[in-house]
2 protein chains.
Amino acid sequence: MDNNKLNFIEESGLFFEKLGLTRMAGRAMGFLMICDRDAVSFDDIQQALGASKGSISGTMKMLLHSGLVDAVSLPGDRKTYYRISRKRVGEMLRSRMKLFEAFSELLLKGNSLKEKTDETTEWLDETARFYSWIQTEIGELIDKWEEKNQR
Amino acid sequence: MDNNKLNFIEESGLFFEKLGLTRMAGRAMGFLMICDRDAVSFDDIQQALGASKGSISGTMKMLLHSGLVDAVSLPGDRKTYYRISRKRVGEMLRSRMKLFEAFSELLLKGNSLKEKTDETTEWLDETARFYSWIQTEIGELIDKWEEKNQR
DNA sequence: CATTTGGTTCAATAAATATTGAACCAAATG
DNA sequence: CATTTGGTTCAATATTTATTGAACCAAATG
């Protein structure tokens with residue numbers, strides 16, 4: 001494969017690793033992005049990434065589970081093909097928003113354990129309100145985008 | 001220490017671990033949140049978390065570097081004290097927005113490597129525009145919050 | 001019903017990361 | 001200027017996580 005493409009795949013690996021996926025999953029995403037094939041088989045991916053079957057099997061399962069990738073099957077073909085999920089663009093971010101709500105809750109729980117009222121109390125409270133608020137607002141932004149970019 | 005507090009500290013450890021910090025750094029954040037002391041010394045933290053000096057040293061350095069924690073010094077006292085950063089609430093999120101811009105750029109780079117125009121091309125383009133757009137919008141939301149919650 | 005295909009599973013291993021603990025250092029104190 | 005304090009540094013170790021590869025399995029094919 002073209003060297004630029006190989007570099008891109010590695011770059012993608014490192015990027016998704018920063019988001020908490022494995023490097024291999026990030027590579028697979030990178031490959032799916034640029035491979036110029038509509039549906040990519042297990043074998044194609046294994047070849048392209050030069051990894052073991054076991055590793056690809058685990059990787060694709062986690063990408064499917066996380067919703068980043070869809071499986072596609074074709075009639076008269078036992079292989080499973082993979083492609084980047086075609087669900088609405090904001091879905092990925094929407095699911096990340098759950099973390100914000102969880103953060104907000106953690107902060108409130110922290111506050112409830114405090115025995116003194118001080119500047120930290122205030123910080124905990126404001127930060128909790130901030131994350132809870134902005135998570136809702138971001139949800140609305142996502143809706144707005146999706147309405148405008150209707151399928 | 002109270003058992004609820006110890007549990008909270010562990011919970012905080014796990015939460016921040018999900019965000020990509022170390023568990024120990026998350027524990028330190030948890031402790032700083034609920035310790036009911038304005039300034040907490042290295043030694044206090046080490047005691048509370050039952051870890052080695054080396055581990056606490058590295059942990060506090062990374063929390064300082066990431067901007068989550070501030071160092072405080074007191075006149076006539078050589079110790080360094082630590083507390084949760086008092087910078088504006090949205091700063092933490094604002095810095096995360098750089099990831100969105102980076103994601104957008106990764107997607108565009110991917111697109112530039114494609115040789116065919118297909119549904120993936122479209123996805124890459126729309127998703128890149130989405131993340132770039134929403135990152136700006138979120139920046140504005142943060143501004144709005146900070147204006148309303150003026151210090 | 002034997003063989004091939006398209007994987008999955010899992011124990012072993014490799015690689016990456018976090019933690020310890022001892023040695024060390026600079027600044028403050030006696 | 002010797003000692004104490006408040007750490008830092010770093011090699012060794014422990015822990016966690018990812019990857020391999022061989023054994024395995026079910027469904028499709030011959």
Side-chain angles (χ1 to χ4, degrees), chain A residues 6 9-32 37 39-66 68-83, chain B residues 6 9-32 37 39-66 68-83:
Chain A
L6 291 174
I9 288 171
E10 289 309 310
E11 196 182 331
S12 178
L14 291 170
F15 184 85
F16 281 92
E17 198 174 27
K18 273 204 282 196
L19 296 186
L21 302 193
T22 65
R23 191 176 297 179
M24 193 64 83
R27 288 194 187 103
M29 287 296 292
F31 177 61
L32 291 179
R37 264 167 285 174
V40 186
S41 72
F42 186 98
D43 201 54
D44 290 338
I45 298 170
Q46 196 199 335
Q47 292 285 120
L49 306 188
S52 69
K53 277 168 74 168
S55 180
I56 298 301
S57 175
T59 294
M60 297 321 288
K61 223 167 16 172
M62 85 147 271
L63 286 174
L64 287 173
H65 179 77
S66 75
L68 286 170
V69 160
D70 286 343
V72 192
S73 57
L74 299 173
D77 186 342
R78 324 207 242 139
K79 287 187 195 173
T80 305
Y81 294 87
Y82 301 92
R83 67 177 179 212
Chain B
L6 291 174
I9 289 171
E10 290 308 310
E11 196 181 332
S12 178
L14 292 171
F15 185 85
F16 281 92
E17 198 173 27
K18 271 203 282 195
L19 297 186
L21 302 192
T22 64
R23 191 176 298 181
M24 193 65 81
R27 288 194 188 104
M29 287 297 293
F31 177 60
L32 291 178
R37 262 167 287 176
V40 186
S41 72
F42 186 98
D43 202 54
D44 290 339
I45 298 170
Q46 197 199 334
Q47 293 284 120
L49 307 188
S52 69
K53 277 167 75 167
S55 180
I56 298 301
S57 176
T59 294
M60 297 321 288
K61 227 173 7 178
M62 84 145 275
L63 286 174
L64 288 172
H65 180 76
S66 76
L68 285 171
V69 159
D70 286 341
V72 191
S73 56
L74 299 173
D77 187 341
R78 330 204 237 139
K79 287 185 192 168
T80 305
Y81 295 87
Y82 301 92
R83 67 176 179 211

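In the text below, chain A, chain B and the rest are named by the order of the sequence lines, each starting its count at 1. Being a predicted model, the structure only gives us computed values, none of them experimental.
- For K61(A) and dT9(C), the shortest distance from a side-chain N or O to OP1 or OP2 is below 4.0 Å.
- The two atoms that bring S41(B) and K79(B) nearest to each other are CB-CD, 4.0 Å, heavy atoms only.
- In this structure, the side chain of S73(A) does not engage the main chain of T80(A) through any donor-acceptor pair within 3.5 Å.
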Would H65(B) and K61(B) count as a side chain to side chain contact (heavy atoms under 4.5 Å, CB included) here? Give the steps. CA-CA 6 Å; H65(B) 180 76; K61(B) 227 173 7 178; over 6 Å; no
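- Side-chain atoms of Q46(A) come within 3.5 Å of backbone atoms of A51(A) as a donor-acceptor pair (strictly under, hydrogens ignored).
- Using modelled atom types, no side-chain atom of S57(B) and backbone atom of K53(B) make a donor-acceptor pair closer than 3.5 Å.
- The distance from atom NZ of K79(B) to atom C1' of dA28(C) is 14 Å, rounded to the nearest whole Å.
- Spacing between atom CE of M24(B) and atom C1' of dA14(D) amounts to 13 Å, rounded to whole angstrom units.
- When the nucleotides dT4(D), dT19(C), dT8(D) are ranked by their closest atom to the side chain of R78(B), dT4(D) comes out on top.
- In this structure, Y81(A) atom OH and dG7(C) atom C1' are separated by 13 Å, rounded to whole Å.
- Rounded to a whole Å, the CZ atom of F16(B) is 18 Å from the C1' atom of dA18(C).
- Taking every side-chain heavy atom of T80(B) into account, dG7(D) is the closest of dT20(D), dG7(D), dT20(C).
- The T22(B) side chain lies nearest to dT19(C) when the options are dG6(D), dT19(C), dT8(C).
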Verdict with supporting geometry, R83(B) and V40(B), side chain to side chain contact (heavy atoms under 4.5 Å, CB included): CA-CA 7 Å; R83(B) 67 176 179 211; V40(B) 186; over 6 Å; no
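- If you check every strand for non-hydrogen atoms under 4.0 Å, S57(A) touches a base.
- For DNA chain C, the stems formed by at least three consecutive Watson-Crick or G-U pairs, with both atom-pair distances below 3.5 Å, span C:1-30 with D:1-30.
- Note that OG1 of T59(B) and CG of L49(B) are 8.0 Å apart. Values are rounded to the nearest 0.5 Å.
- Whole-Å rounding puts the K18(A) NZ to dT17(C) P distance at 14 Å.
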Output, in order, the C-alpha distance, side-chain angles, deciding distance and verdict of side chain to side chain contact (heavy atoms under 4.5 Å, CB included) for D44(B) and Y82(B). CA-CA 10 Å; D44(B) 290 339; Y82(B) 301 92; over 6 Å; no
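- Near-neighbour residues of DNA chain C inside residues 45-56 of chain B, defined by a heavy atom below 4.0 Å, number-ordered: A51(B), S52(B), G54(B), S55(B).
- Both R23(B) and D77(A) sit near DNA chain C, but only D77(A) has its closest nucleotide nearer the 5' end.
- The distance from the CZ atom of R27(B) to the CD1 atom of I45(B) is 13.5 Å, given to the nearest 0.5 Å.
- Between F42(B) atom CZ and dT5(D) atom C1' there is a gap of 12 Å when expressed in whole angstrom units.
- Remark: P of dG6(D) and CE of M60(B) are 16 Å apart, rounded to the nearest angstrom.
- If you take CG of L63(B) and C1' of dT8(D), they are 16 Å apart, rounded to a whole angstrom.
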